[in-house]
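What follows is a short report on a single structure.
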Amino acid sequence: MSLRSLGISLAALLSLSCDALMTSPPNPEDTLAEPIEELTTTQLQLHLQGDEQFAKVFTAAEGLGPVFVSTSCQSCHVGDGKGHALTTLTRFGRYDGEIWNALEHLGGPQLQSRALPGFDPEVIPAEATGVARFMPPAVSGLGYLEAVTDDEILRYADPDDRDGDGISGRVHLIDPPEYFLLRPGRSLIDGRAIGRFGFKAASVDLLHQTAKAYREDMGVTSDFEMLDVPRHASDLVADPEASAAIVQSVVFYLRTLKTPPRRGQTSPGVLRGEQLFADAGCTSCHRPSIVTGPSDIAAISNREIHPYTDVLLHDMGPELDDGYTEGAAETREWRTTPLWGIGLASHSQGGTPRYLHDGRASSLREAIRFHGGEAAASRDRFNAMSSHEQEALLEFLESL
Amino acid sequence: MYTRPSTLIISSIIALCSITGIAQARSDSTVKDPVLDRPLTPISGSTALGGYAELNSHYRSDHGVIEGFTFEFRRFNIFLYSAISKHVRFFSELEFEHGTEEIALETAQLDIEVTPAAILRGGIILVPLGRFNQNHDSPKWDFIERPLVSTEIIPSTFSEVGAGIHGQFEFGSNFLNYEVYAVNGLQEQLLIGPEGRTHLASGKSEEFFAEDNNGSPAITGKLTSYIGESIELGVSGYVGAYNSYLLEGEEVQPRRDLVIAAIDGEFHISDLTVQAEAAIATIDVPPSLTDVASRRQQGAFVELTHPITTFALPLERTIALTGGLRADYIDLNAGRFSTSGDVIYDDRLSLTVSLAGRTSASTVVKLNYSHDWVRDILGNPSQASAIRAGVASYF
């Protein structure tokens with residue numbers, strides 16, 4: 001073979017097989033980390049910029065710590081999916097009479113369990129009476145949930161169980177931070193806003209949740225949350241360690257993530273399970289359909305979505321009472337966790353799924369068994385099903 | 001009784017220095033030294049210049065996301081060598097990476113040769129860890145990317161300011177070389193690097209060319225045996241405190257050590273060349289960073305190259321083609337989670353095939369394809385692949 005023929009052969013091989021030699025993208029049905037398809041090019045560009053910030057790892061020189069839990073948004077929300085034990089948060093507080101005390105002067109409400117060299121990590125103070133662990137949730141589809149109007153959420157609230165179905169969801173009203181903006185569809189009720197993010201619905205919007213995460217999870221101050229965790233001397237990095245633009249960029253990224261994809265939703269087993277899910281009364285809280293309001297992002301504006309949540313607090317009974325709470329929620333009350341994406345949980349957890357707020361359940365069946373309080377009747381209906389029916393219901397959940 | 005590894009190494013230095021007095025040292029001063037094994041062009045008297053440049057192109061896909069095609073002007077390095085006197089030599093290497101994005105004085109060392117078995121060396125030196133760090137010039141290698149173990153575990157190019165001794169002993173047709181240096185050492189930024197994990201390269205700091213962060217030098221050394229013309233074997237190590245445990249003379253936190261051990265070799269079997277390096281790093285991690293920072297990192301690479309054929313070029317020139325295969329593996333957080341007992345993954349396996357053409361010993365044109373299998377800290381898998389082409393040449 002001459003050099004010329006070798007060169008021609010190599011060039012031909014490369015031109016024909018460049019893409020064939022490259023790795024294949026994951027099946028869109030199996031991934032959460034994708035933007036909404038209908039974004040404009042400008043929005044897509046902003047989304048990708050936010051993606052970079054979401055993945056950015058903070059070092060000590062960039063403001064990490066001095067005490068912290070994790071080093072980046074992405075390390076908790078791998079692939080935008082559910083978190084894992086390594087970055088599970090511990091939060092604590094105590095009741096002083098009937099008032100919940102977050103023990104901020106003692107480093108509360110969140111335990112920063114890691115520290116830069118030369119600093120001591122926090123320990124749970126003896127004063128704390130309630131401690132809970134929170135496994136980071138998946139973040140895809142959050143922009144849609146943020147776009148749901150207050151009226152839509154209030155439509156499902158029934159705090160006094162007037163309809164007598166045993167379900168009495170209520171909104172969690174939160175004193176909003178100074179930077180809370182009333183978008184269309186949002187309002188203040190006696191000066192407070194409806195919380196919708198976090199396991200206790202203690203964050204009023206994605207900016208609130210994100211700014212808190214920068215501060216409490218990574219020890220990174222921002223234009224929105226200017227002070228390091230107060231119990232500790234600050235690091236020597238000038239505050240804010242993350243600008244408003246960076247935090248807003250991450251918020252935009254979160255707002256423009258697609259809804260979690262369904263898989264096999266038309267299979268007979270899944271359809272049967274979906275019906276059984278409704279028959280058991282699960283949809284009283286895990287509402288299959290909810291409607292978004294107007295949004296500055298057309299792709300999420302006025303859409304019917306299927307998050308399987310009502311964004312309300314429900315009494316889950318002693319089974320899930322950790323003795324810890326936030327705001328005005330009772331310790332037994334939890335915001336209905338959206339079930340969309342639950343079938344992909346293990347994809348971000350190394351193949352070993354962990355369910356519920358602290359990952360205490362290793363299977364969906366076990367997670368159902370932990371449901372008590374308002375969900376006890378649905379749990380009992382599930383337990384009374386035949387094994388085939390239970391399998392069908394679980395198959396439906398795996399399809400979400 | 002616990003004996004610090006550094007104490008053992010210092011004892012070894014003393015022992016080696018003693019040996020220099022009793023062993024038959026080479027007399028011709030042609031000590032094998034990879035740092036000085038560079039082509040140089042005399043420019044004036046005893047001063048010579050040299051260097052190399054490296055241009056690459058990449059077409060990459062990471063977990064199915066194709067990043068497209070890009071050129072990269074990776075390095076432009078300049079060597080300056082001066083034989084100041086018969087027994088005193090100075091060598092330096094100034095690197096421009098990605099144009100002027102990063103300018104680094106990688107080497108600036110003065111050698112004073114007492115005998116070939118005892119050469120005093122001081123300045124900014126290339127740490128004698130593994131095979132690659134002191135042999136890192138791109139024109140020497142058929143592969144565009146550096147081995148993973150040589151960048152992630154041994155943070156090549158790993159330069160330190162320090163001083164020590166090196167030399168060579170001759171045993172018939174075999175040689176035994178040694179190097180031992182005290183250096184300022186890496187700093188505690190290595191615990192959490194820009195990828196959120198322990199990253200030894202993040203512990204490098206040019207500030208340390210001026211002053212150590214803890215007043216406690218690290219010790220590094222290597223023994224290399226050359227067995228005939230076809231076998232070269234090396235054993236090397238590095239040990240030292242990395243954290244700033246002393247502040248204003250007060251001990252403000254416990255001293256924490258980094259230990260790196262490596263073995264390396266090169267073998268020639270007929271026309272087949274085998275190069276390999278393995279390294280393990282043990283890091284004394286503070287309890288406050290358990291699981292996030294790595295207590296142990298390890299990795300290895302094996303590289304095979306074999307001549308394929310030689311083609312004639314116009315003007316009576318030829319190009320020699322060489323085929324190669326490299327297997328790389330690194331585990332960036334070996335062990336189990338302290339909380340759950342589950343295995344920590346965070347590892348990467350890479351296979352690369354290469355085709356390299358050399359028109360002379362100084363110039364190499366490279367074509368590589370690599371495929372990587374990656375698992376994050378929890379074991380979530382992903383894959384990456386790349387086609388790379390590049391040229392590197394001494395000048």
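Chain identifiers are assigned alphabetically (A, B, ...) following the order of the sequence lines, protein sequences preceding nucleic acid strands; residue numbering begins at 1 within each chain. Given the structure is predicted, the values throughout are model-derived calculations rather than measurements.
No side-chain donor-acceptor contact under 3.5 Å links Tyr242(B) and Asp257(B). A donor-acceptor pair shorter than 3.5 Å cannot be found between the side chains of Arg326(B) and Ser350(B). Thr352(B) and Ser370(B) share no side-chain donor-acceptor pair at under 3.5 Å. In the model, Thr256(A) has a side-chain atom that pairs as donor or acceptor with a side-chain atom of His47(A) under 3.5 Å. Gln349(A) and Ser346(A) are not linked by any side-chain donor-acceptor pair at a separation below 3.5 angstrom, with hydrogens and angles left out of the test. Under the 3.5 Å distance criterion, with hydrogens and angles disregarded, a donor-acceptor pair is assigned to the side chains of Ser75(A) and Ser70(A).
At most 12 heavy atoms of other shown residues, nucleotides or ligands fall within 6.0 angstrom of atom CD in Gln45(A).
If you measure heavy-atom distances from Ser338(B) to chain A, you find no contacts under 4.5 Å at all. Contact annotation for Ile377(B): only side-chain heavy atoms (C-beta onward) come within less than 4.5 Å of a heavy atom of chain A. With a threshold of 4.5 angstrom between heavy atoms, Ser24(A) approaches chain B through N, CA, C or O but not through any side-chain atom. With a 4.5 angstrom heavy-atom cutoff, Ala293(B) does not touch chain A via any of its atoms. Using a 4.5 Å cut-off between heavy atoms, Ile66(B) contacts chain A through its side chain alone, with no backbone atom that close. Contact of Thr71(A) with chain B is made through the side chain alone, with heavy-atom distances under 4.5 Å. For chain A, the nearby parts of Gln383(B) are the backbone and the side chain; heavy atoms of each come within less than 4.5 Å. With a 4.5 angstrom heavy-atom cutoff, Arg60(B) touches chain A only via backbone atoms. Contacts between Asp62(B) and chain A at a heavy-atom distance below 4.5 Å involve the backbone alone (N, CA, C, O).
The candidate from Ser348(A), Ala55(A), Ala61(A), Ala60(A) with the greatest count of non-hydrogen atom pairs under 4.5 Å with chain B is Ser348(A). Taking chain A as the reference chain and counting heavy-atom pairs below 4.5 Å, the highest number among His371(B), Gln253(B), Glu188(B) is found for Gln253(B). Here Pro194(B) is the residue among Pro254(B), Gly379(B), Pro286(B), Pro194(B) with the most heavy-atom pairs under 4.5 Å with chain A. Among Ser113(A), Gly79(A), Pro26(A), the residue making the largest number of heavy-atom pairs under 4.5 Å with chain B is Pro26(A). Per-residue heavy-atom pair counts under 4.5 Å with chain B were compared for Thr59(A), Thr352(A), Leu86(A), Leu116(A), and the maximum is reached by Leu86(A). Comparing Gly196(B), Gly193(B), Pro381(B) by heavy-atom pairs within less than 4.5 Å of chain A, the highest count is held by Gly196(B).
In this structure a side-chain-to-backbone donor-acceptor pair under 3.5 Å is missing from Ser340(B) to Phe337(B).
For Phe134(A) and Phe199(A), the distance between ring centers is under 6.0 angstrom. For Phe370(A) and Tyr355(A), the ring centers sit 6.0 Å or farther from each other.
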